[in-house]
Amino acid sequence: GESVGLHLPTLSVQEGDNSIINCAYSNSASDYFIWYKQESGKGPQFIIDIRSNMDKRQGQRVTVLLNKTVKHLSLQIAATQPGDSAVYFCAENGDQAGTALIFGKGTTLSVSS
Amino acid sequence: DSGVTQTPKHLITATGQRVTLRCSPRSGDLSVYWYQQSLDQGLQFLIQYYNGEERAKGNILERFSAQQFPDLHSELNLSSLELGDSALYFCASSPWGSNEQFFGPGTRLTVL
């Protein structure tokens with residue numbers, strides 16, 4: 001079936017490095033994509049989103065890139081900090097009724113000092 | 001703090017039992033979503049309500065049901081519980097016309 005997935009289950013970086021977390025999606029009908037951060041014991045927290053009419057969107061220390069040609073989404077975190085350690089999920093809205101999101105399995109980012 | 005509240009935070013029960021999870025959305029949000037997160041799994045969409053009415057269904061078992069009340073809070077009812085129902089259950093809400101969802105802290109259900 002169609003799903004959103006992430007290329008790597010884990011990513012380890014040093015404090016201060018830039019992190020790139022990748023996600024592949026397969027539903028061509030999706031026109032909204034979102035990245036969430038989930039810390040241990042907490043609910044997912046919004047990081048940044050992007051609509052399909054955009055290729056790039058920047059936030060504070062984060063950038064989301066969307067490549068519709070290859071159905072690829074990435075999250076870039078600049079100057080990664082220990083507080084960025086968490087599980088990161090990408091999600092898409094798919095073509096389903098309502099506005100529910102389809103989530104990938106997540107990438108665990110570990111930042112060492 | 002997202003503004004979405006969920007109770008209880010933890011729930012331990014036995015197989016065959018029935019439980020009710022409660023969610024209060026952010027003030028003004030009309031849409032409520034329920035998701036299940038099992039170990040090693042991402043979030044699986046269960047069901048969505050909008051202003052009291054069911055809007056969309058995902059991978060929700062027939063043993064599970066939900067409703068949204070006039071004050072917009074929602075309840076997820078899980079019955080005939082099985083060991084495999086042990087998971088985190090998240091509620092999220094979103095304002096009208098927005099895809100962005102705000103998640104609550106979740107309820108951790110353990111079925112023994």
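Each chain gets a letter, A, B and so on, in the order its sequence line appears, and its residues count up from 1.
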Point-to-point distance, once rounded to the nearest 0.5 Å, from [atom1] of [X] to [atom2] of [Y]:
X	Y	atom1	atom2	answer
A/L101	B/Y35	CG	OH	4.0 Å
A/I34	B/E100	CD1	CD	5.0 Å
B/D1	A/K42	CG	NZ	10.5 Å

Item to check | Heavy-atom contact with chain A under 4.5 Å, split by part of B/Q6 | outcome: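 For B/Q6, neither part sits under 4.5 Å from chain A.
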Item to check | Atom group of B/Y50 that falls short of 4.5 Å from chain A, counting heavy atoms | outcome: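 No part of it gets close to chain A.
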Next on the checklist: Among residues at least two apart in sequence or on other chains, which ones pass side chain to side chain contact (heavy atoms under 4.5 Å, CB included) with B/R18?
Outcome noted: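 Testing B/R18 for side chain to side chain contact (heavy atoms under 4.5 Å, CB included), a comparison that skips the adjacent residues, returns B/N77, B/S79.
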Item to check | B/F103/A/Y36 aromatic ring centres below 6.0 Å | outcome: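 Yes, close enough.
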Item to check | Output field: ring centroids A/F103/B/F45 closer than 6.0 Å | outcome: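 No, ring centres 6.0 Å or more apart.
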Next on the checklist: Going by ring pair (Phe, Tyr, Trp, His ring centres under 6.0 Å), name the residues that satisfy it together with A/F33, two or more places apart in sequence or in a different chain.
Outcome noted: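 A/Y25.
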Linking I/L/V/M/F/W/Y whenever any side-chain heavy atoms sit under 4.5 Å apart, do [X] and [Y] land together?
X	Y	value
B/L46	B/L78	yes
A/L66	A/M54	yes
A/I50	A/L65	no
B/W34	B/I60	yes

Checklist entry - Checking A/Q38 against chain B: side chain, backbone, both or neither under 4.5 Å from a heavy atom? => result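 For A/Q38, the side chain is the part near chain B, not the backbone.
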Next on the checklist: Looking at B/R26, I'd like to know if its CZ atom is crowded, meaning that more than 12 non-hydrogen atoms belonging to other residues, nucleotides or ligands lie closer than 6.0 Å.
Outcome noted: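 Above 12, so yes.
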Checklist entry - When heavy-atom pairs shorter than 4.5 Å are enumerated against chain A, which of B/P105, B/S98, B/S31 gives the highest number? => result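 Result: the option with the highest number of such pairs is B/P105.
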